[in-house]
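For reference, the structure is listed below as structure tokens.
First the proteins, then the strands, lettered A, B, ... as listed; each starts at 1. In this text the structure is predicted, and so the values were computed from the model without any measurement.
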Amino acid sequence: MKYNPSVIEKKWQKKWSELNSFKATIDYTKPKYYVLEMFPYPSGAIHMGHVRNYTLGDLVARYKKAQGFNVLHPMGWDSFGLPAENAAIENKTHPSKWTNSNIQNMKIQLKQMGLSYDWERELSTCDPDYYKFEQKMFLDFYKIGIAYKKETLVNWDPVENTVLANEQVIDGRGWRSGAEVEKKKMKGWFLKISYFADELLEEIENLNGWPEKVKTMQRNWIGKSYGATIKFSLDNSSEKLTVFTTRPDTIFGATFIAISPQHPLAKKISNKDFKAADFIKFCEKNSTKEADIEKAEKYGYETNLSVYHPFKNGVKLKIFIANFILMDYGTGAIFGCPAHDQRDYDFAVKYSLDIIPVINTKENLPFIGDGIHSNSQFLNGLNTDDAIKLCIKKLNELEIGEEKITYRIRDWGVSRQRYWGCPIPIIFCNNCGEVPVPEEHLPITLPEDIDFNISGNPLDNHPTWKHTNCPKCNKKAIRETDTFDTFFESSWYFARFTDLNPSSAFTEEAIKYWMPVDQYIGGVEHAVMHLLYSRFFMRALKHVNSINLDEPFTSLQTQGMVCHQTFKTKKEQWIFPSDIIKKDNEYFHFESKEPVIAGRIEKMSKSKKNVVDPQQIIENYGADTARFFMLSDSPPNRDMEWSDSGVEGSWRFLNKLWKFVKSLPIRNTRDELPTNVSKQNKELLIFMNTTIQDVTKAIDEFHFNIAVAQIRSLFNFVSSHKIENNDDLKVVFFVTSKLLILINPMVPHLAEELWNSLGNKNSISNECWPKVDLSYIKKNNVKIPIQVNGKVRAVIEVPLGLEKSDIEEIALKEKNVLKFLNKSPKKVIIIPNRVVNFVI
RNA sequence: GCGAGCGUGGCGGAAUGGUAGACGCACUGGACUUAAAAUCCAGAGUCCGAUAAGGACGUGGGGGUUCAAGUCCCCCCGCUCGUACCA
């Protein structure tokens, strides 16, 4: 019988579903394990990124189940978001219809992959039964000031009259209209993540299961910095201008002041100075993307205002309005010290401003490092740290400044001017102002009838939806027509999975038992925002007594991208890999037979057409081959290349495994070992036990590609084992059984089928993970390289733990060692069981 | 621009500071076959050497620490992710 994945995969998927094999038990006395993959946006069909992510998670879930844990492994849909609205405009379908049909389709696909989800816990964030809870959360936050309203800058498309997402701004222009995007001030809702900045920062060090790189990124994102504010007095005015600096010690090198175009003073100046107004307008012609702002050429406008230097009598500093000063950071104003800051230096050179060094150095300016101060009155002779301290002391004495801690992190803007999101439960009343929607009126649901053909915010354009009565005074009032950022939904879904009861977002005992998530897996692109928002959200919810939890994710793994070679015609048109045929190492288009240029290996993306449809792979090779290849080659946290030959390799291996197990002549002796184990059989058992140990270690360390390699080696070993008598057969059976348990989390359908054909009645999913018999892996001998001047000249095998002098004696008998040992060694390094190095 | 990560044979990758290249892909030779595919067996970093023994070189580039560096430190190059309204 041939290996036929399409038959056996359906068979076992049906069986798992009938037996409810992967249901998380509600028995809070058992040890639990919660494994979660980042839930998908239902874009229409699963892509290879999903396949990779969910294969990794499924391996962990099945492995932990085998280790005896009560496993929670749920799946849901991050189903609010922009693409549904774009689809609505393009295909004239309603976002909810489009979204739900995508979910149906993707769910079928996930089931075809044989993933061990507890589908009874499925959730979808666009479902009012889900988002009603976050409206309540928002109101709780609102009551204590964690949610508040303020003005912010948005990308405004003046042609479409809509707010654009950053990704909809391409080279400073609206993606559909092509109009130059403007920055526009707009009021929106914010969550006070800054209130928790210190706690979020400090707790990073306790996230032991997180990758160091993610922790570093979050630390830098929060960006706590110690510095000072300095109040400068304006010339010819009683007003003060407060700047923030992390280097108050360089104050004597200050030669100019720069303020943000959004600074109140800039606005004031522009009232009288038309050129300043023009300049500010010019600065507004840029997107709100940080990268765009930073990369844009730095411009300044010299105003006719200046301030007095706080310590240098009579010295005035000109105020510039500068396009690179962000209003959101510090005070939106800086003093420029060109000698000791790269950006200030560039600015000073461009506008021919003075450059006054105040730190002694032999290096070229600007010099950013530490050093002894000069030219700095009371700071002369001090190093940077001491100068900062003394300067702050002096500022305090003179009451013109103080020590100040600032954070780079900004409060989280959650308002979106879109339809397909959770409505924000606030009502605006002319009498009463902002009024929260009373809880008994929740959920506020979206209107079904919606028109996307009018430009602007669809909810705002709806003829009736926003009109309501004020809950306080009952007069006519208007609903908030903004909806939530979809990161709102993804900031608590993991906690919701623990108990989907309809009356409250969480239940105490389910949270206490299941949370935190033991293993969270997803793309590294979420390293900061989603993960930081989730950490913040748990704290905010704790603050309003909704949940008793701090950190949501104990351990985190970030998986790399799935890449594929790109192909282009000579006319620069991208081509799908499935439309290409390879002949004599050259590529041709399947239909036109035109030659095709093979390009770089890049992240799979629809725009470059270098995608492979998982559906095709499942149909051609089966889910197990797709899963096995996903795990085989690359370590999970690195990018991987999807290649046809790699898939073929996995397919071949699974076939070999199939044939081998099916060829074994007897059944049902899997737990029996012969009373006397021959030398040959002992070697196999040693290899098996070593493999069990190594595979277990590799899985625990998330090195699944190594686990695969070791399982392959064990297969190579056992399948070439000579079977000459019944004892040999027993051992081969024993080892094969263990091998199937090891490989089950990777290729569960195949493992079930082969397990079954070995005569087992139970599902392999209920088998325990094999234990290592340590008596088989005690080593007696060890191979030691012998080096001469660090180069290996021989390898000797000696008993473990042999004395240094004995090792040296044996080493000195090696011909090749003596050949290179033409002088007596200056030094002999012997690390027992490790290495010998003769240094001559 | 800023922050973070990555870079090892023809390719994916392996390697507690201690034998670089496990396992696999592609490749080459052989077996089977009328033939091919599939399958099985064997070989293989590059160069010198005889196809051997053995040697030299070799982990993006340059420098350093060390008896010993893919691994630690410094500088540079290239690529990738994030950069706050994509998810």
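- Remark: P of B:U39 and CH2 of A:Trp651 are 11 Å apart, rounded to the nearest angstrom.
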*With the sugar-phosphate defined as primed atoms, P, OP1 and OP2, and the base as all remaining atoms, what B/S/- string results for nucleotides 17-26 of chain B, 5' to 3', for protein heavy atoms under 4.0 Å?*
-BBS-BSSSS
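- Here the separation of B:C67 from B:G3, taken at their C1' atoms, is 39 Å to the nearest Å.
- To the nearest whole angstrom, the two C1' atoms, one in B:C77 and one in B:A50, are 42 Å apart.
- Counting to the nearest Å, the P atom of B:U39 and the NZ atom of A:Lys2 are 11 Å from each other.
- If you take atom C1' in B:G7 and the same atom in B:A14, they sit 16 Å apart, rounded to whole Å.
- In this structure, the ring of A:Trp642 has its center less than 6.0 angstrom from the ring center of A:Phe629.
- Partners of A:Glu797 according to the salt bridge (charged side-chain N to carboxylate O under 4.0 Å, His left out) rule, which considers only residues two or more places apart in sequence or in another chain, do not exist here.
- With respect to the salt-bridge test (charged N to carboxylate O, under 4.0 angstrom), the residues A:Arg408 and A:Glu290 qualify.
- Taking atom CD on A:Glu701 and atom P on B:A14, their separation rounds to 12 Å, with Å as the unit.
- Residue contacts shown for A:Asn816 are limited to sugar-phosphate atoms, with no base heavy atom under 4.0 Å away.
- Sorted by first and then second residue, the salt bridge (Lys or Arg N to Asp or Glu O under 4.0 Å) pairs involving residues 690-716 of chain A (not counting sequence neighbours) are A:Lys697-A:Glu701.
- Annotation: A:Trp77 is not in aromatic contact with A:Phe39 [ring centroid separation under 6.0 Å not met].
- Counting to the nearest Å, the P atom of B:A4 and the CD1 atom of A:Ile204 are 13 Å from each other.
- Look at CZ on A:Phe653: it is 14 Å from P on B:U39, rounded to the nearest Å.
- A cation-pi arrangement, defined by a distance under 6.0 Å to the six-membered ring centre and an angle within 45 degrees of its axis, is present between A:Lys150 and A:Phe190.
- Partners of A:Glu297 by salt bridge (charged side-chain N to carboxylate O under 4.0 Å, His left out), not counting sequence neighbours, listed by chain and number: A:Lys350.
- Taking A:Ser43 as the reference, nothing meets the side chain to side chain donor-acceptor pair (under 3.5 Å) condition, with sequence neighbours excluded.
- When rounded to the nearest whole Å, the span between NZ of A:Lys213 and P of B:C6 equals 7 Å.
- Separating the P atom of B:U65 from that of B:A15 is a span of 29 Å, rounded to the nearest Å.
- Backbone-only engagement by A:Phe820 is indicated by non-hydrogen atom pairs under 4.0 Å involving sugar-phosphate atoms exclusively.
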*asked:* Output one letter per nucleotide in nucleotides 72-87 of chain B: B when a protein non-hydrogen atom lies under 4.0 Å from the base, S when only the sugar-phosphate is that close, - when neither is.
replied: -------SSSSBBBBB
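- Nucleotides B:G13 and B:U8 place their C1' atoms 9 Å apart, quoted to the nearest Å.
- The CG atom of A:Asp346 sits 14 Å away from the C1' atom of B:C2 (whole-angstrom rounding).
- Residues forming a salt bridge (charged side-chain N to carboxylate O under 4.0 Å, His left out) with A:Asp485 (at least two apart in sequence, or on another chain): A:Arg416.
- Place A:His703 and A:Arg793 on RNA chain B by their nearest nucleotides, and A:His703 ends up nearer the 5' end.
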*Dot-bracket, RNA chain B: Watson-Crick or G-U, under 3.5 angstrom, [ ] crossing, | other strand?*
(((((((..(((.....[....))).(((((.......))))).((((.....))))..(((((..]....))))))))))))....
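- Checked against the 6.0 Å centroid criterion, the rings of A:Phe324 and A:Phe347 qualify as a close aromatic pair.
- Spacing between B:G12 and B:A26 at atom P, rounded to whole Å, works out to 15 Å.
- Nucleotides B:G18 and B:U71 are separated by 11 Å at their C1' atoms, to the nearest Å.
- Salt-bridge annotation for A:Arg173 and A:Glu182: absent, with no side-chain N of the basic residue lying under 4.0 Å from a carboxylate O of the acidic one.
- Not counting sequence neighbours, the partners of A:Asp157 by the side chain to side chain donor-acceptor pair (under 3.5 Å) test are A:Ser177.
- For A:Arg343, the side chain to side chain donor-acceptor pair (under 3.5 Å) test picks out A:Glu294, with sequence neighbours left out.
- Residues A:Phe484 and A:Trp189 keep their aromatic ring centres 6.0 Å or farther apart.
- Taking A:Trp658 as the reference, nothing meets the side chain to side chain donor-acceptor pair (under 3.5 Å) condition, with sequence neighbours excluded.
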N/O-N/O pairs, protein side and nucleotides 7-11 of chain B side, under 3.5 Å:
residue, atom, partner, partner atom, Å
B:G7, OP1, A:Arg638, NH2, 3.4

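- As rounded to whole Å, 10 Å separates atom P of B:A68 from atom NZ of A:Lys826.
- As rounded to the nearest Å, B:A69 and B:C57 have P atoms that lie 13 Å from one another.
- For B:G63, the O4'-C1' to base torsion is more than 90° from 0; the nucleotide is therefore anti.
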